[in-house]
Asks: 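Before I ask anything, let me first share the structure, which is written out below as structure tokens.
What's counted below: heavy atoms across the whole structure, side chains too, no hydrogens, waters or symmetry copies. When a residue number appears, it is its place in the shown sequence, counting from 1.
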Amino acid sequence: MAEDSELLDIICDGPYVPTKKVGEPTIMVPKTRKEYNDADRKAVEKNFRAKKILVCGIGHDKYNRISACQSAKEKWEALQTAHEGTTQVKQSKIDMLTTEYELFKMKDNESIQDMHTRFTSIINELHSLGEIIHRNKLVRKVLRVLPSP
């Protein structure tokens, strides 16, 4: 579990870069690979693991978008932008999905299962964009769109 947390830190904050003190006044500069000790190598290895995790679960088209990124953080940010878009695009998606939610109705000759699948898809997309609708509101919405007996 601790390793998972460390990998998430690398994805969110950027890779660990081993440094050393040099000169007067003392400044920190990156070490060369030859200067790495075992602890440095182990810490740097985590960036490679984080990058591997990010690319293992994506398709070829998304891989091409992030293959030039050097760090796990860069890859993650590129994937976020590709998935969510810019802030304006994200807000437009939220607005469109919110309208779809508000106007949601069960279609003629649609099974309850199909209607529920369509409804869940809208809710899940809103949730992935940071818009959360409370459970009691969702239940009331579903009950309102069901056909009368």
Side-chain angles (χ1 to χ4, degrees), residues 1-104 106 110-143 145:
M1 188 66 154
E3 182 177 16
D4 294 342
S5 176
E6 290 171 1
L7 293 177
L8 181 60
D9 290 343
I10 289 168
I11 290 170
C12 294
D13 303 330
Y16 171 77
V17 178
T19 57
K20 63 181 179 181
K21 296 177 183 178
V22 294
E24 260 323 298
T26 305
I27 58 168
M28 300 299 285
V29 296
K31 290 181 181 178
T32 64
R33 285 193 172 276
K34 289 180 182 179
E35 296 174 308
Y36 286 6
N37 59 32
D38 288 341
D40 292 335
R41 282 187 189 83
K42 189 174 180 180
V44 169
E45 173 78 16
K46 289 182 183 181
N47 186 53
F48 293 110
R49 271 191 242 139
K51 289 193 298 188
K52 183 178 177 183
I53 288 168
L54 288 174
V55 299
C56 282
I58 61 174
H60 186 69
D61 59 327
K62 286 202 170 92
Y63 176 77
N64 287 336
R65 291 182 186 178
I66 66 167
S67 62
C69 299
Q70 296 300 307
S71 70
K73 180 179 180 175
E74 290 175 31
K75 289 180 186 302
W76 178 247
E77 289 171 349
L79 285 169
Q80 279 183 308
T81 301
H83 177 71
E84 294 177 358
T86 63
T87 304
Q88 290 173 326
V89 171
K90 182 178 174 180
Q91 190 56 53
S92 293
K93 286 180 183 179
I94 290 169
D95 293 344
M96 181 187 71
L97 288 164
T98 300
T99 301
E100 198 172 334
Y101 166 80
E102 289 168 353
L103 299 176
F104 186 84
M106 188 170 177
E110 183 178 37
S111 71
I112 291 176
Q113 181 63 42
D114 290 342
M115 184 263 318
H116 182 265
T117 300
R118 223 169 26 93
F119 185 74
T120 303
S121 177
I122 294 167
I123 300 311
N124 288 345
E125 283 187 65
L126 280 166
H127 191 282
S128 74
L129 294 169
E131 289 293 309
I132 295 156
I133 302 170
H134 293 287
R135 183 179 213 94
N136 59 351
K137 205 171 178 185
L138 296 173
V139 171
R140 284 196 314 266
K141 178 69 173 177
V142 168
L143 290 174
V145 300

Asks: Can you tell me if Lys46 uses its side chain to pair, donor with acceptor, with the backbone of Pro15 under 3.5 Å?
Replies: no

Asks: Over all heavy atoms of both residues, which pair between Arg41 and Tyr36 is shortest? Give the atoms and the distance, please.
Replies: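 Reported closest heavy-atom pair: NH1-O, 2.9 Å.
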
Asks: How many angstroms lie between CD1 in Ile11 and CD in Glu6, if you round to the nearest 0.5 Å?
Replies: 12.5 Å

Asks: For Val55 versus Lys75, what's the shortest heavy-atom pair and its separation?
Replies: CG1-CD, 4.2 Å

Asks: Minimum heavy-atom separation for Met28 to Thr19, with atom names?
Replies: CE-OG1, 3.1 Å

Asks: How many angstroms lie between atom CE of Met115 and atom CZ of Arg118, to the nearest 0.5 angstrom?
Replies: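 The distance works out to 8.0 Å.
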
Asks: What heavy-atom pair brings Lys141 and Leu103 nearest, and what distance separates the two atoms?
Replies: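 Closest pair (atom of Lys141, atom of Leu103, distance): NZ-N, 4.5 Å.
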
Asks: Donor-acceptor check, side chain of Asn124 to backbone of Ser121, threshold 3.5 angstrom: yes or no?
Replies: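 It does not hold such a pair.
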
Asks: Quick check on Lys31: does its NZ atom have over 12 non-hydrogen neighbours (other residues, nucleotides or ligands) under 6.0 Å away?
Replies: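 Check passes, neighbour count above 12.
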
Asks: Give me the atom names and distance for the closest heavy-atom approach of Tyr16 to Val44.
Replies: O-CG2, 4.1 Å

Asks: Please name the pair of heavy atoms, one in Ala78 and one in Ile66, separated by the smallest distance, quoted to 0.1 Å.
Replies: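 Minimum heavy-atom separation between Ala78 and Ile66: CB-CG2, 3.7 Å.
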
Asks: With rounding to the nearest 0.5 angstrom, report the CD1 to OH distance, Ile133 to Tyr101.
Replies: 4.5 Å

Asks: Using 0.5 Å steps for rounding, measure from the CD1 atom of Ile10 to the CD atom of Glu45.
Replies: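 The CD1 atom of Ile10 sits 10.0 Å away from the CD atom of Glu45.
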
Asks: If we only count heavy atoms from C-beta on, is the Met106 to Phe119 side-chain gap below 4.5 Å?
Replies: no

Asks: Using a 6.0 Å cut-off, check whether atom CG of Asn37 has over 12 heavy atoms from anything other than its own residue.
Replies: yes

Asks: With a cut-off of 6.0 Å (strictly less than), are more than 12 heavy atoms of other residues, nucleotides or ligands near NZ of Lys42?
Replies: no

Asks: Between Ser128 (side chain) and Glu125 (backbone), is there a donor-acceptor pair under 3.5 Å?
Replies: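 Yes.
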
